[in-house]
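Notes to accompany the following structure.
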Amino acid sequence: MKYWGKYLLCGTVISLLVGCHSRPTAQGQQYRDGHIAQDLRLVNQPNAQGKPVNAKDFSEQVALISQSAPRLYNRNSLTFDAVQNWMLAGGETSKLHLFNLRAYQMEGVDNYGNVQFTGYYTPVLQARRVKQGEFKYPLYRMPPKSKYRLPSRTEIDNGALSPSLIIGYSRSLIDNYIMEVQGSGYVDFGDGGPLTLLGYAGKNGHIYRSIGKLLIERGEIAQEDISILAIRKWTESHSEAEVRELLEQNPSFVFFKPENYAPVRGASSVPLIAKASVAADKMLIPPGTTLLAEIPLLDREGKFTGQYQMRLVVALDVGGAIKGHHFDIYHGIGGEAGIAAGFYNHYGRVWVLKKAQPTMLMVSQ
């Protein structure tokens, strides 16, 4: 699970896309398909050039679904098989119908097919099992169930939880916070042992408030510049007290559970393959849905290059800020993945792929 992209990067004002006389294009928006008046519109074939570039990753992701979530796999196996056969035959969108695949174009956030893409990743933190030197910021397990409401972030920072719940200590408040928003992360305890996955264990039940949105409102970071890197840079130029004050504006708090030798899994309990899995709004896109996504390509500075790349992805995760025509792309593990994920707040086009059901013929006797 991964929530940094979902919570911080989805704060861009979508109204920029809606009702404007001049249509924006700087974040990859297109208007080639005209007005789309329904969530999913059946099309003969996607109006897009190119073939999916990640057939191998998609097949690996499908195999992991089969191994980890048999029921989810069985509900979608006909589509998975048809898509993989289509890819083996060349993956040309003009030939989807030969494999009995139907493509449903998403209307996007603006009814012109522009679907929002953000990104998330799995961070790797340096930590120690006991408090020492710069390693002084605790990571917590989920408290036992209680009839009382769990404390807020500020109360937790002030020692409201038992020290017995502490898993370890990191050396950065913002690193802890990023891992909370992502929902999980790997920890290197510096003892020569393997990395430990701190998986998502639960929340304290308090309302979530975006610190990215708050920094924009305070005039600290321009709306068009908001990203993981920009927020981290802000924290590096401010005192610990100022950083803590900012973080405590979000009373929501995430707890973790240590898991040894564990892969990163989404809400569907399936290990995630980078750029072959996304978080989606399950009310619109059910888990296990195969998506053909035209994703904008960014340069090393996070700027849109004017080019797109076709990818096959599966909806395997969810997030509190992922609603409607918005996907969070999983980018993988570590710092480089975090940089790439942090840049994404762009728009592309998406088609839901479904194997057509056979028509039942009534024969009179």
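Atom set for the values below is all heavy atoms of this structure, side chains included, hydrogens, waters and symmetry mates excluded. In what follows, residues are counted from 1 in the order of the sequence shown.
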Could you go step by step and tell me if E245 and R218 meet the salt bridge (charged side-chain N to carboxylate O under 4.0 Å, His left out) rule? CA-CA 13 Å; E245 184 276 332; R218 290 179 175 182; 3.1 Å; yes

Is a side-chain donor-acceptor pair under 3.5 Å present for [Y] with [X]?
X	Y	result
T154	S152	no
N114	Q30	no
D39	H325	yes

Minimal non-hydrogen separation, [X] against [Y], with atom names:
X	Y	answer
L215	I231	CD1-CG1, 4.1 Å
P123	S184	CD-O, 3.4 Å
I178	R232	CD1-NH2, 2.9 Å
M106	I36	O-CD1, 4.0 Å
L125	S170	CD2-CB, 4.2 Å
L246	W234	CD2-CZ3, 3.6 Å

Pick from L316, I273, T122: which one makes a side chain to side chain contact (heavy atoms under 4.5 Å, CB included) with Y330? T122

With a 4.5 Å limit on heavy-atom distance, are the side chains of [X] and [Y] in contact?
X	Y	result
R311	P52	no
V313	S277	no
Y177	V243	no
V83	F99	no
K51	M87	no
T118	I322	yes
I166	R129	no
D175	Y137	no

Could you check N54 against K275 for side chain to side chain contact (heavy atoms under 4.5 Å, CB included), going step by step and ending with a plain yes or no? CA-CA 8 Å; N54 66 331; K275 298 183 182 179; 5.5 Å; no

Gap between atom [atom2] of [Y] and atom [atom1] of [X] - 0.5 Å precision:
X	Y	atom1	atom2	result
L150	K203	CG	NZ	13.0 Å
Q105	Q45	CD	CD	12.0 Å
L139	M179	CG	CE	4.5 Å
E242	E240	CD	CD	11.0 Å

Tell me if a side-chain donor or acceptor on [X] pairs with a main-chain N or O of [Y] at a distance below 3.5 Å.
X	Y	answer
N204	P251	yes
R349	E294	no
Y121	A340	no
D317	V278	no
W86	E92	yes
Q27	N345	yes
R153	S252	yes
N176	P138	yes
N250	R209	yes
E180	V254	yes

What class does the angle between the rings of Y344 and H346 fall in, given that below 30° is parallel, 30 to 60° is tilted and above 60° is perpendicular? perpendicular

Verify side chain to side chain contact (heavy atoms under 4.5 Å, CB included) between V352 and T290, making sure each step is shown before the conclusion. CA-CA 6 Å; V352 173; T290 297; over 6 Å; no

Test log, rule side chain to side chain contact (heavy atoms under 4.5 Å, CB included), inputs V187 and L195: CA-CA 6 Å; V187 172; L195 297 180; over 6 Å; no

Within a 6.0 Å radius of atom [atom1] on [X], are there more than 12 heavy atoms belonging to other residues, nucleotides or ligands?
X	atom1	answer
R300	CZ	no
E336	CD	no
K355	NZ	yes

Side-chain heavy atoms under 4.5 angstrom apart, residues restricted to Ile, Leu, Val, Met, Phe, Trp, Tyr: same cluster for V270 and F80? yes

Take T196 and F256, measure what side chain to side chain contact (heavy atoms under 4.5 Å, CB included) needs, and give me the verdict at the end. CA-CA 11 Å; T196 299; F256 301 103; over 6 Å; no

Please identify each residue that fulfils ring-ring contact (aromatic ring centres under 6.0 Å, His included) with Y104, with sequence neighbours left out. none

Provide the full list of side-chain hydrogen bond (donor to acceptor under 3.5 Å, both in side chains) pairs with a residue in residues 56-75, sequence neighbours left out, each pair given once. S59-Q84

Given Y112, which of H35, E107, R23 fulfils the side-chain hydrogen bond (donor to acceptor under 3.5 Å, both in side chains) condition? R23

Does this structure show an ion pair linking R265 with E259, if we count only N-O contacts that are shorter than 4.0 Å? no

